[in-house]
Amino acid sequence: MVRTRFAPSPTGYLHIGGVRTALFNWLFAKRHGGQFVLRIDDTDQQRNVDEALAPILHGFRWLGMDWDEGPEVGGPFEPYYQSQRLERYQTAAKKLLADGFAYYDYATPEELDAERKAAEAAKRPFQYSRAYMAETEAERAKWEAEGRSFVVRLKMPREGVCAFNDSVRGDVEFQWSKENDHVIQRADGTCLYHLASVVDDHDLEITHVIRAEEHLSNTPRQIFIGQSLGYELPQYAHLPYVAEPGSKNKLSKRKLEKYLKNADFKRLNEHGQAIAEQIKLQTSAETFNPVIVDFYELTGYLPEAILNYLVLLGWSLDDKTEDLTIDEMIANFSLERVTKAPASFDCKKLWSFQDRYMQKLPLKQKTAKCLSFLQAAELVADPAPCEAGPKLTRIIEACGDRLKVLGDIIAYADYFFVADDQMKYDEKAFAKRLSDPQPQALLAKFRQTLAALETWDVATLDKAMHDFVAAEGIKIGEIIHAVRIGTTGQGVGPGLFDCLDILGKESCLARIDRTLALAAERNAT
RNA sequence: GGCCCCAUCGUCUAGUGGCCUAGGACUCCGGCCUUUCACGCCGGCAACACGGGUUCGAACCCCGUUGGGGUCACCA
């Protein structure tokens with residue numbers, strides 16, 4: 001039975017790189033009919049774990065990555081919080097101590113620091129001298145008489161090699177002599193990550209530890225802990241990390257300012273910020289930016305698109321396949337096809353996946369999802385009046401592939417829902433197309449044509465416009481932009497006849513009248 | 001700096017000794033279409049880091065160089 005895990009630390013947000021790691025774990029478990037467990041690595045923080053965890057669990061749910069065991073769902077190995085498993089680690093530490101694989105260390109941080117500095121000055125790698133190591137009661141008593149407190153350190157081997165097989169890197173070797181005696185238990189009795197992690201992986205019967213490459217150099221000490229405790233070791237797989245846009249540095253949550261200098265990243269971010277503003281979302285750069293998964297949910301990306309983009313970051317099916325359904329990912333995922341080199345986060349490519357998935361989304365679903373954005377923007381009441389649905393469907397059809405994310409509906413649809421006398425104008429477009437008397441006169445004249453129409457549909461409007469153009473001997477561009485701005489306030493948008501049709505005759509005429517009046521007013525000043 | 005990992009178009013990648021004149025995708029650049037925008041269509045630019053081997057033959061194997069990155073906590 002394959003069991004994998006993802007072990008987030010409750011930080012308050014779900015990092016996109018973390019999702020990629022989690023996704024690979026999840027896919028691997030699913031592929032082998034195994035289980036995926038979520039374990040919370042909260043050995044360090046005590047307060048507000050629930051609060052800091054909520055966005056992470058929410059992110060997993062949104063992405064559709066369900067966990068078989070873990071917070072909220074429970075499981076046979078409860079609890080799934082490291083903060084609640086302290087006794088297990090202490091027991092393990094005790095055993096390590098009893099078997100001579102760990103020792104009490106009475107060195108003060110200052111003494112340790114001095115050793116470290118001396119090593120540095122002598123240009124040799126630091127290795128603790130074990131000067132304050134105590135392995136017998138007598139030694140302990142001696143140090144304690146001096147009033148010293150202790151931590152528990154691993155007594156790492158100082159010769160030989162640590163060799164292990166990694167599912168993505170192949171055979172890896174480390175010299176034991178280069179390893180340090182890592183602390184596994186603090187003076188206050190609490191235990192550290194490496195001990196906790198190894199004990200938990202064993203207790204939770206994790207078979208495959210699939211994690212980011214940054215843990216590769218931690219592996220020897222974890223192997224030492226595991227072996228010393230008599231555990232059967234899991235199979236390791238170290239994934240290349242996700243790198244910054246346009247560089248090979250590890251993508252981090254703390255370097256937002258730097259990423260914003262990347263034009264693509266900046267554009268993606270600004271687009272999201274604009275939507276957030278429209279739905280009156282209070283955002284902070286810390287938790288709302290393209291490195292954090294919430295960003296994509298809040299602005300209306302589709303989870304399948306995100307997942308599809310991420311799965312291809314360090315993995316591929318073959319030389320051609322780009323679009324994969326979740327089922328196809330599960331059916332085909334393998335660690336053997338994971339790349340070794342880090343992959344940069346490419347905003348443009350993510351965007352193109354989103355675009356394609358958006359166009360594939362059935363109209364009915366798109367309508368339902370867009371509706372909640374319009375409601376958040378307070379353009380449509382909640383619950384929605386019954387005429388809103390069909391109208392929105394028509395708008396979305398008219399928008400076609402202009403909608404790249406669900407949140408785009410706001411910018412494309414606001415003028416369809418706003419009262420005629422509340423419609424806002426894009427001033428640049430107004431100035432360009434309606435500041436001269438000529439287009440104003442044409443618009444006024446075309447208004448009469450529209451007023452005279454008895455039927456009001458796309459075909460009729462289209463014909464009316466073309467007849468008008470022919471009769472006036474003008475080019476269509478000379479009138480159509482003025483009509484668009486006159487009725488929608490915008491210089492760009494869906495096909496004009498669709499817009500007019502959706503708006504209806506009464507609104508169109510009222511809006512054109514208002515526009516004409518405004519233009520006249522501006523002529524005068 | 002020590003240790004470890006990595007190295008194909010700008011980016012994500014295919015490629016496991018001959019099928020490679022190196023394939024696909026995104027981006028970019030032309031052109032077409034077009035009432036705006038967005039699509040769509042057609043075409044194009046663009047890579048095996050370098051140097052040695054091994055071999056009849058190397059993007060693929062070996063060694064070295066260079067470059068990039070990760071990691072060196074009483075963080076996770």
Side-chain angles (χ1 to χ4, degrees), chain A residues 7-11 41-45 82 105 107-109 112 116 119-120 123-127 149-153 166 168-169 172-175 177-180 182-188 190-194 196-197 212-220 238 240-241 243 245-250 264 309 312-323 337 339-353 355 359 399-404 408 412 429 433 462 465-466 469 475-485 488 490-497 499:
Chain A
S9 164
T11 51
D41 279 16
D42 57 350
T43 51
D44 207 31
Q45 42 266 85
Q82 291 196 326
D105 180 45
T108 63
L112 222 46
R116 203 168 276 135
E120 204 172 305
K123 290 201 163 95
R124 62 180 157 72
F126 166 70
Q127 189 166 53
S149 62
F150 66 87
V151 297
V152 178
R153 277 183 193 279
D166 186 290
V168 353
R169 319 243 150 215
V172 187
E173 280 190 1
F174 288 85
Q175 300 291 320
S177 61
K178 310 287 186 192
E179 298 295 317
N180 259 304
H182 197 259
V183 175
I184 53 173
Q185 189 171 25
R186 298 187 181 90
D188 65 4
T190 59
C191 293
L192 267 8
Y193 169 75
H194 293 291
S197 181
E213 183 192 336
E214 63 210 73
H215 287 286
L216 187 58
S217 51
N218 295 152
T219 308
H238 288 94
Y241 50 85
S247 118
K248 288 296 180 198
N249 291 35
K250 190 172 75 172
D264 298 335
Y309 170 70
L312 259 16
L313 222 47
W315 178 83
S316 65
L317 174 60
D318 54 33
D319 59 337
K320 289 191 172 57
T321 311
E322 292 274 328
D323 290 10
R337 290 194 62 86
T339 318
K340 292 190 178 83
S344 311
F345 185 72
D346 183 344
C347 300
K348 285 241 178 79
K349 189 138 188 177
L350 201 189
W351 185 258
S352 81
F353 273 101
D355 189 1
Q359 305 331 320
C399 286
D401 49 36
R402 291 173 184 81
L403 297 180
K404 304 302 185 189
D408 286 339
Y412 277 112
R433 305 287 192 184
D462 195 325
M465 170 73 81
H466 283 93
V469 164
K475 282 194 281 192
I476 196 165
E478 292 178 63
I479 177 65
I480 203 161
H481 300 297
V483 176
R484 177 185 295 283
I485 294 158
T488 71
Q490 300 300 308
V492 301
L496 180 65
F497 306 120
C499 291

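Heavy-atom basis, side chains included; hydrogens, waters and symmetry copies ignored. Residue numbers begin at 1 in each chain, while the letters A, B, ... track the order of the sequences. Computed from a predicted structure; not experimentally measured.
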**Q** Could you check whether A:Arg433 pairs with A:Glu478 (Lys NZ or Arg NE/NH1/NH2 to Asp/Glu carboxylate O, under 4.0 Å)?
**A**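 Looking at A:Arg433 and A:Glu478, the cut-off is not met.
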**Q** For A:Lys250 and A:Glu213: C-alpha separation, side-chain torsions, deciding distance, then whether salt bridge (Lys or Arg N to Asp or Glu O under 4.0 Å) applies.
**A** CA-CA 10 Å; A:Lys250 190 172 75 172; A:Glu213 183 192 336; over 6 Å; no
**Q** State, without any angle test, whether A:Asp355 and A:Ser352 hold a side-chain donor-acceptor pair at a distance under 3.5 Å.
**A**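 No, because no side-chain N or O of A:Asp355 sits under 3.5 Å from a partner of the opposite role on A:Ser352.
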**Q** Taking N and O atoms by type only, does the side chain of A:Arg402 place a donor or acceptor under 3.5 Å from a partner on the base of B:C37?
**A**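 Side chain to base: pair present.
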**Q** If you assign A:Lys404 and A:Pro342 each to the RNA chain B nucleotide with the nearest heavy atom, which residue ends up on the more 5' nucleotide?
**A**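 Mapping each residue to its closest nucleotide by heavy atoms, the 5'-most match is A:Pro342.
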**Q** Report which part of the nucleic acid A:Asn218 touches: base, sugar-phosphate, or nothing (heavy-atom distance under 4.0 Å, all strands).
**A**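 Touches a base.
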**Q** May I ask you to verify whether the side chain of A:Glu120 and the base of B:G1 hold a donor-acceptor pair under 3.5 Å?
**A**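 Check fails, no donor-acceptor contact within cut-off.
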**Q** Ignoring backbone atoms, test whether A:Thr339 places a side-chain nitrogen or oxygen under 4.0 Å from the OP1 or OP2 oxygen of B:U13.
**A**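 Answer yes for this pair, as a side-chain N or O of A:Thr339 is under 4.0 Å from OP1 or OP2.
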**Q** Which of the following nucleotides, B:C26, B:A76, B:A7, is nearest to the side chain of A:Ala341?
**A**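 Nucleotide nearest to A:Ala341's side chain: B:A7.
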**Q** Should B:U36 form a Watson-Crick or G-U wobble pair with both distances under 3.5 Å, which nucleotide is its partner?
**A**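 Across any shown strand, B:U36 pairs with none.
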**Q** Please state how far atom CD1 in A:Ile184 lies from atom C1' in B:C75, giving the value in whole angstrom units.
**A**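 For the pair A:Ile184 CD1 and B:C75 C1', the rounded distance is 16 Å.
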**Q** Between A:Thr190 and A:Arg186, do the side chains contain an N or O donor and an N or O acceptor separated by less than 3.5 Å?
**A**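 Yes, side-chain donor-acceptor contact under 3.5 Å.
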**Q** Name the nucleic acid region contacted by A:Pro494, choosing base, sugar-phosphate or nothing; use a 4.0 angstrom heavy-atom cut-off, strictly under.
**A**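 Base contact - A:Pro494 has a heavy atom under 4.0 Å of at least one base atom.
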**Q** If you go through the side-chain atoms of A:Lys320, does one of them form a donor-acceptor pair with the base of B:A25 closer than 3.5 Å?
**A**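 Checked by distance alone, the answer is no.
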**Q** Calculate the interatomic distance between A:Glu213 atom CD and B:C6 atom P; express it in whole Å.
**A**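 The distance from CD of A:Glu213 to P of B:C6 comes to 8 Å, rounded to the nearest Å.
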**Q** Hey, is the side chain of A:Arg153 poking within less than 4.0 Å of OP1 or OP2 on B:C74, counting only N and O atoms?
**A**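 So the side chain of A:Arg153 is within the cut-off, an N or O lying under 4.0 Å from OP1 or OP2 of B:C74.
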**Q** Look at the side chain of A:Val492 and decide which nucleotide, out of B:A76, B:U36, B:C6, has an atom nearest to it.
**A**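 My answer, after comparing the listed nucleotides, is B:U36.
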**Q** Among B:C5, B:A76, B:U35, which nucleotide sits nearest the side chain of A:Phe497?
**A**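 Of all the options, the side chain of A:Phe497 is nearest to B:U35.
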**Q** Is any side-chain nitrogen or oxygen of A:Ser316 closer than 4.0 Å to OP1 or OP2 of B:A14?
**A**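 For A:Ser316, the contact criterion (side-chain N or O under 4.0 Å from OP1 or OP2 of B:A14) is met.
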**Q** Check step by step if side chain to side chain donor-acceptor pair (under 3.5 Å) holds for A:Asp401 and A:Gln359.
**A** CA-CA 6 Å; A:Asp401 49 36; A:Gln359 305 331 320; 5.9 Å; no
**Q** Counting distance alone, no hydrogens or angles: does the base of B:A38 have a donor or acceptor under 3.5 Å from a partner atom on the side chain of A:Asp355?
**A**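 For A:Asp355, whose side chain was compared with the base of B:A38, there is no donor-acceptor pair (under 3.5 Å).
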**Q** Does B:G43 pair with anything, Watson-Crick or G-U wobble, both distances under 3.5 Å, and if so, with which nucleotide?
**A**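 Pairing partner: B:C29.
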**Q** Centroid distance below 5.5 Å plus an interplanar angle below 30 degrees: do A:His238 and B:G70 meet both conditions?
**A**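 No, the aromatic ring of A:His238 does not stack with the base.
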**Q** Which nucleotide in the set B:C4, B:A76, B:A25 lies at the smallest distance from any side-chain heavy atom of A:Phe174?
**A**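 Of B:C4, B:A76, B:A25, B:C4 is nearest to the side chain of A:Phe174.
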**Q** What is the separation between atom NZ on A:Lys340 and atom P on B:U13, rounded to the nearest whole Å?
**A**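 Rounded to whole Å, this separation is 13 Å.
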**Q** Hey, does the side-chain of A:His194 have a donor or acceptor N/O within less than 3.5 Å of a partner on the base of B:A76?
**A**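 Side chain to base: pair found, below 3.5 Å.
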**Q** Side-chain N or O of A:Arg186 versus OP1/OP2 of B:C75: is the shortest distance under 4.0 Å?
**A**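 Answer is yes, contact under 4.0 Å.
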**Q** Between A:Lys250 and B:U71, does any side-chain N or O lie under 4.0 Å from OP1 or OP2?
**A**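 So the side-chain polar atoms of A:Lys250 do come within 4.0 Å of the phosphate oxygens OP1 or OP2 of B:U71, strictly under.
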**Q** Nearest 0.5 Å please: distance from the CG atom of A:Leu312 over to the CG atom of A:Leu317.
**A**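 Those atoms lie 9.0 Å apart.
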